[in-house]
Trainee: 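Questions regarding the structure given below will be posed in turn.
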Amino acid sequence: MSTKSYFSSVLVALSTFAVAGMFAPAHADRIILTPSPTALLANTYHVEGMQQLGPNPQSSLWTAAGTTYTEVELAAFHRPERDAAAISLTTQILPETSDLPAIAVGVRDITDATSRMAGQGYRGRAFYFSAGRSPIKFADSPYPLRNLTCSLGLGGGGIRGFFGSVAGDLPLKVRWTVEWDSRMFNERLAMPLNASTQVEVTRIGKSTMLGVEYHTPMNVF
């Protein structure tokens with residue numbers, strides 16, 4: 001099976017699972033492309049697939065699992081005539097409290113496999129520090145400030161300097177996210193299908209992607 005056929009099959013399977021299958025306190029190491037200030041909890045996992053529309057499509061697939069001390073992520077990226085896979089590790093340093101932000105550190109693409117992968121790829125090995133807060137969590141607060149989260153971090157290597165994000169809930173349970181990934185702005189609208197699954201429309205730079213995401217539990221960052 002070709003790489004393109006493999007990614008197409010995976011995305012179809014994920015979509016079918018999602019349809020068969022909002023937000024709750026949870027953790028994951030990635031917002032869109034920027035690192036999150038949290039890591040997956042032990043014995044939880046996350047699967048996400050995205051497919052670009054139009055000519056010269058790109059595909060992305062992420063799987064991650066939480067262990068006692070760290071999160072392990074495997075990512076695969078496909079674009080015409082180029083493929084890459086990456087392994088990343090994230091460790092939660094501090095959980096969010098009433099006085100302190102959540103803080104995580106990590107290394108992305110340990111083997112530097114994506115150094116020549118532009119677009120939605122990781123652009124090579126990166127080390128980072130990320131902090132985040134959920135300043136407004138009240139379900140009855142006015143839109144678009146419901147379940148507001150924000151993050152800010154600093155990275156080196158494939159991440160060039162500062163990065164950050166802001167996300168909040170819109171009407172109809174749609175979650176809006178915008179981030180600066182140290183190179184470009186990315187944006188996402190996500191609609192939950194149930195407590196663990198969401199469908200997404202994501203803009204990465206100038207590319208529009210359709211995707212589906214499954215968490216145990218659902219990501220809030």
Trainee: Please check this pair: side chain of Gln52 against backbone of Ser207, looking for a donor-acceptor N/O pair closer than 3.5 Å.
Mentor: no
Trainee: Answer yes or no: is there a donor N or O on one side and an acceptor on the other, between the side chain of Ser182 and the main chain of Arg160, under 3.5 Å?
Mentor: yes
Trainee: If we ignore hydrogens and angles and just use 3.5 Å, is the side chain of Ser60 paired with the main-chain N or O of Gly49 as donor and acceptor?
Mentor: no
Trainee: Should Arg125 and Asp109 count as an ion pair when the cut-off is N to O under 4.0 Å?
Mentor: no
Trainee: Is there a donor-acceptor pair under 3.5 Å between the side chain of Gln92 and the backbone N or O of Pro37?
Mentor: yes
Trainee: Please, which pairs that meet ring pair (Phe, Tyr, Trp, His ring centres under 6.0 Å) have at least one residue in residues 182-204, sequence neighbours excluded?
Mentor: Trp180-Phe185
Trainee: Between the side chain of Ser115 and the main-chain N/O of Arg123, is any donor-acceptor distance below 3.5 Å?
Mentor: no
Trainee: Quick check: does any side chain N or O of Asn186 sit under 3.5 Å from a backbone N or O of Val178, one acting as donor and the other as acceptor?
Mentor: no
Trainee: Short question: side chain of Glu179, backbone of Thr34 - any donor-acceptor pair under 3.5 Å?
Mentor: yes
Trainee: How does the hydrophobic cluster around Leu152 look, that is, which other residues are in it when side-chain heavy atoms under 4.5 Å mark a link?
Mentor: none
Trainee: Who are the salt bridge (charged side-chain N to carboxylate O under 4.0 Å, His left out) partners of Arg188, not counting sequence neighbours?
Mentor: Glu48, Glu200, Glu213
Trainee: Going by ring pair (Phe, Tyr, Trp, His ring centres under 6.0 Å), name the residues that satisfy it together with Phe162, two or more places apart in sequence or in a different chain.
Mentor: none
Trainee: Does Tyr69 sit in a hydrophobic cluster with other residues, and if so which ones, taking ILVMFWY side chains as linked at heavy-atom separations under 4.5 Å, directly or through other members?
Mentor: none
Trainee: Using 30° and 60° as the class boundaries, would you call the ring planes of Phe77 and Tyr122 parallel, tilted or perpendicular?
Mentor: perpendicular
Trainee: Residues two or more places apart in sequence or in another chain: which of them pass ring pair (Phe, Tyr, Trp, His ring centres under 6.0 Å) with Trp176?
Mentor: none
